[in-house]
Amino acid sequence: MTSFPPLKNDLLLRAARCEKVERIPVWAMRQAGRYLPEFREVRSKHDFFTICRTPELACEVTMQPLRRMDLDAAIIFSDILVIPQALGMTVEMKPGKGPTFPGPLLLPEDIKKLNTTPDVTAELGYVFEAITLTRQKLEGKVPLIGFSGAPWTLMAYMIEGQSSSTFSKARAWLYKYPEESKSLLGILTNVIIDYLVGQVKAGAQLLQLFESHAGILGAKTFNEFSLPYLKLIASKVKSKLSDAGHATVPMTVFAKDAHYALEDLVNTDYDVIGLDWTIDPIMASKLASSKGKALQGNLDPAALYGSEESIASLTKAMVKQFGTRGYIANLGHGMYPDMVPEHLKKFVDAVHTCSENSEN
Ligand SMILES: O=C(O)CCc1c2[nH]c(c1CC(=O)O)Cc1[nH]c(c(CC(=O)O)c1CCC(=O)O)Cc1[nH]c(c(CC(=O)O)c1CCC(=O)O)Cc1[nH]c(c(CC(=O)O)c1CCC(=O)O)C2
């Protein structure tokens with residue numbers, strides 16, 4: 001096992017375990033990326049997936065936001081779509097269009113073309129190397145978060161072949177080919193489990209699972225095609241780490257727009273439930289605290305387009321609603337490319353100012 005510098009700021013990990021904290025930890029989804037001029041500088045010289053696949057570059061862009069603001073966590077720079085690549089699919093990142101799959105899955109027979117049992121270390125070892133390097137470079141300043149896309153969200157991209165407002169091709173599979181859909185979700189689940197276990201062994205100190213397209217499912221389809229796989233991932237990642245004699249790490253599930261599933265998610269093995277901005281903090285806090293779960297979120301990212309005064313006052317109101325125990329401040333979704341870094345800094349500082357010395 002690699003040894004790493006001791007952790008100096010463990011606020012995130014304590015909050016995830018609902019332990020007492022001196023102040024609320026804060027980080028932002030997509031805190032590295034295009035909204036930062038220094039990222040755009042790196043990106044002007046390298047293709048997106050080259051950055052992901054080159055540990056030194058991935059480490060550098062992971063560190064960039066930490067040099068600007070007092071964040072309580074780093075998140076490894078990567079993307080959820082590295083898993084379809086590991087299964088043998090080509091994914092291109094087209095400026096202005098986002099991810100594009102030249103050969104999406106059209107019919108269930110196409111599943112046979114995938115490498116359904118990839119050697120995860122051989123295919124995704126570059127992420128593990130980036131994590132280990134970043135843990136060293138962080139020198140224990142803050143914890144490092146690892147992440148993966150969840151099965152349904154990845155399946156949606158693999159069938160649709162690109163982003164979509166309806167993901168109607170992917171949703172059609174759930175009704176036309178339910179058994180084959182479950183088989184694909186099972187394949188993805190197994191790879192995700194090994195991928196997340198590998199990230200922890202490489203040095204990730206908390207894991208987040210992104211079910212970004214939960215909102216295009218309804219309660220019934222979510223219960224059938226998303227929730228069972230999310231549950232399996234949490235329990236298997238933890239049991240595989242324990243069986244390997246490795247300490248487990250807290251796990252966060254972020255099922256965007258799945259307001260209908262909050263109660264079910266609180267009853268899973270995830271330690272932290274990520275919330276988008278459509279969810280009422282007071283209602284969510286009542287549900288989560290009854291089950292000893294922490295919450296993360298949920299300022300509307302668009303609030304960062306407002307003035308610094310309005311960011312500070314909205315942040316203060318949000319923190320007051322969530323309370324200080326078992327809470328990680330974040331946005332309700334990732335940073336948008338046209339945002340101003342100073343406004344994220346204002347959000348981070350506002351969380352610190354209004355939560356320091358508060359009753360815990
Ligand atoms: O901060 C970090 O270190 C990691 C940032 C990060 C990137 N991708 C993800 C993360 C983790 C995080 O959000 O904190 C994860 C991610 N990629 C995609 C999704 C699903 C989705 O958006 O539908 C997710 C889960 C989180 C979420 O829900 O947002 C899929 C995706 N990846 C990219 C795009 C295009 C884009 O323009 O954003 C998409 C699809 C979006 C859609 O509309 O469907 C590419 C991409 N991934 C990251 C970046 C950096 C950045 O945001 O600037 C980019 C842009 C690529 C570029 O430079 O051209 C990093």
Side-chain angles (χ1 to χ4, degrees), residues 27-53 55 57-69 71 73-85 91-101 127 130-131 134 137-138 142-158 160-167 170 192 199 204 206-216 252-258 274-277 296-298 301 328 330-339 341 344:
W27 68 281
M29 288 181 277
R30 294 215 179 189
Q31 64 189 26
R34 288 160 295 178
Y35 81 101
L36 288 174
E38 54 272 37
F39 174 83
R40 294 198 294 272
E41 170 69 27
V42 176
R43 181 73 173 87
S44 69
K45 298 187 195 112
H46 306 279
D47 157 79
F48 175 73
F49 284 116
T50 303
I51 301 176
C52 297
R53 286 173 173 272
L57 291 175
C59 172
E60 163 56 23
V61 297
T62 301
M63 303 290 288
Q64 286 177 343
L66 301 170
R67 296 187 192 118
R68 276 183 181 257
M69 44 205 129
L71 293 153
I75 177 162
I76 193 66
F77 190 83
S78 183
D79 196 75
I80 61 166
L81 299 173
V82 297
I83 292 199
Q85 289 178 328
V91 187
E92 292 158 3
M93 203 56 78
K94 297 203 168 156
K97 192 167 180 232
T100 309
F101 292 65
V127 179
I131 287 174
T134 307
K137 284 267 158 74
L138 278 167
V142 291
L144 179 61
I145 301 171
F147 72 93
S148 171
W152 158 246
T153 295
L154 296 179
M155 170 179 162
Y157 278 112
M158 289 159 73
E160 209 73 32
Q162 60 185 20
S163 194
S164 155
S165 54
T166 60
F167 278 91
I192 291 165
Q199 291 190 37
L206 183 148
L207 296 170
Q208 177 153 326
L209 203 66
F210 285 96
E211 189 70 291
S212 307
H213 297 305
I216 52 169
T252 301
V253 61
F254 176 56
K256 186 169 174 289
D257 298 323
L275 305 177
D276 64 73
W277 66 96
Q296 175 175 279
N298 73 342
I328 298 162
N330 205 314
L331 305 174
H333 199 206
M335 290 292 290
Y336 303 139
D338 63 349
M339 282 176 164
L344 180 58

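These numbers were taken from a predicted model, which means no experiment stands behind them. The first residue in the sequence is number 1, and the count goes up from there. Whatever order the structure lists them in is the order used to number ligands and atoms, beginning at 1.
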Next on the checklist: Between E38 and R68 (salt bridge meaning N to carboxylate O under 4.0 Å), is one present in this structure?
Outcome noted: yes

Checklist entry - For atom 47 (N) of ligand 1, what is the nearest protein heavy atom, given as residue, atom name and distance? => result D79 OD1, 2.7 Å

Item to check | Pairwise side-chain contact, I83 with Y157, heavy-atom cut-off 4.5 Å (strictly under) | outcome: no

Checklist outcome for this item: the protein heavy atom lying closest to atom 10 (C) of ligand 1 turns out to be F147 CZ, 3.7 Å

Checklist entry - Would you say Y35 touches ligand 1, if touching means a heavy atom closer than 4.0 Å? => result no

Item to check | Non-hydrogen side-chain atoms of M29 and Q208 separated by less than 4.5 Å | outcome: yes

Checklist outcome for this item: ligand 1 atoms nearer than 4.0 angstrom to some heavy atom of G98 are 35 (C)

Item to check | R30 and ligand 1 - part of the residue with a heavy-atom distance under 4.0 Å | outcome: both

Next on the checklist: Keeping D79 on the side-chain end and C52 on the backbone end, is there a donor-acceptor pair under 3.5 Å?
Outcome noted: no

Checklist entry - Is there any N or O on L81 that sits under 3.5 Å from an N or O of ligand 1? => result no

Checklist entry - At under 4.0 Å between heavy atoms, which part of F210 makes contact with ligand 1: side chain, backbone, both or neither? => result side chain

Checklist entry - Any idea which protein heavy atom is nearest atom 40 (C) of ligand 1, and the distance to it? => result Y157 OH, 3.4 Å

Next on the checklist: Under 3.5 Å between any N/O of T62 and any N/O of ligand 1: does that happen in this structure?
Outcome noted: no

Item to check | Where ligand 1 meets R43 - atom numbers and elements under 4.0 angstrom, heavy-atom basis | outcome: 57 (C), 58 (O), 59 (O)

Checklist outcome for this item: Of all protein heavy atoms, the one nearest atom 49 (C) of ligand 1 is F48 CE1, 3.5 Å

Next on the checklist: If you define the side chain from C-beta out and look only at heavy atoms, does anything of Q64 sit under 4.5 Å from E41?
Outcome noted: no

Next on the checklist: When you compare ligand 1 with A32, is there at least one nitrogen or oxygen pair between them that comes in under 3.5 angstrom?
Outcome noted: yes

Checklist entry - Which atoms of ligand 1 sit under 4.0 Å from any heavy atom of M29? => result 14 (O)

Checklist entry - How does F254 reach ligand 1, if at all, at less than 4.0 Å between non-hydrogen atoms: by side chain, backbone, both, or neither? => result neither

Item to check | Test item: W152 side-chain N/O and H213 main-chain N/O as donor-acceptor pair under 3.5 Å | outcome: yes

Checklist entry - Would you call M339 and P301 a side-chain contact if the rule is heavy atoms closer than 4.5 Å? => result yes

Next on the checklist: Between D276 (side chain only) and D257 (backbone N and O only), is there a donor and an acceptor less than 3.5 Å apart?
Outcome noted: yes

Next on the checklist: Below 4.0 Å, non-hydrogen atoms only: which portion of I76 touches ligand 1? Side chain, backbone, both or neither.
Outcome noted: backbone

Checklist entry - ligand 1 versus S78, non-hydrogen atoms closer than 4.0 Å: side chain, backbone, both, neither? => result backbone

Item to check | Atom indices of ligand 1, in the order listed, that fall short of 4.0 Å to a heavy atom of H213 | outcome: 23 (O)

Item to check | Side-chain donor or acceptor of T62 paired with backbone N/O of F77 under 3.5 Å | outcome: yes

Checklist entry - Which residue and non-hydrogen atom of the protein lie closest to atom 34 (C) of ligand 1, and at what distance in Å? => result P99 CD, 3.5 Å

Checklist entry - atom 25 (C) of ligand 1: which protein heavy atom is closest, and how many Å away? => result S212 OG, 3.2 Å

Item to check | Between T153 and E211: side-chain donor-acceptor atoms closer than 3.5 Å | outcome: yes

Checklist outcome for this item: Check: of I145, L331, I75, min heavy-atom distance to atom 2 (C) of ligand 1 comes from I75

Next on the checklist: For the backbone of A73 and the side chain of Q31, can you confirm whether one donor and one acceptor N or O come within less than 3.5 Å of each other?
Outcome noted: yes

Item to check | ligand 1 contact by K256, heavy-atom criterion under 4.0 angstrom | outcome: no

Checklist outcome for this item: Closest non-hydrogen contact found for A28 with L344 is CB-CD1, 3.8 Å

Item to check | Donor-acceptor contact present, side-chain Q199 to main-chain A204, <3.5 Å | outcome: no

Checklist outcome for this item: re atom 36 (C) of ligand 1, the protein heavy-atom contact at minimum distance is R34 NH2, 3.3 Å

Checklist entry - Among protein heavy atoms, which sits nearest to atom 19 (C) of ligand 1, and what does the distance come to when rounded to 0.1 Å? => result I80 CD1, 3.4 Å

Checklist entry - Going by the angle between their ring planes, with limits at 30° and 60°, are F210 and F147 parallel, tilted or perpendicular? => result perpendicular

Next on the checklist: Using a 4.0 Å heavy-atom cut-off, which part of M335 comes near ligand 1: side chain, backbone, both, or neither?
Outcome noted: neither

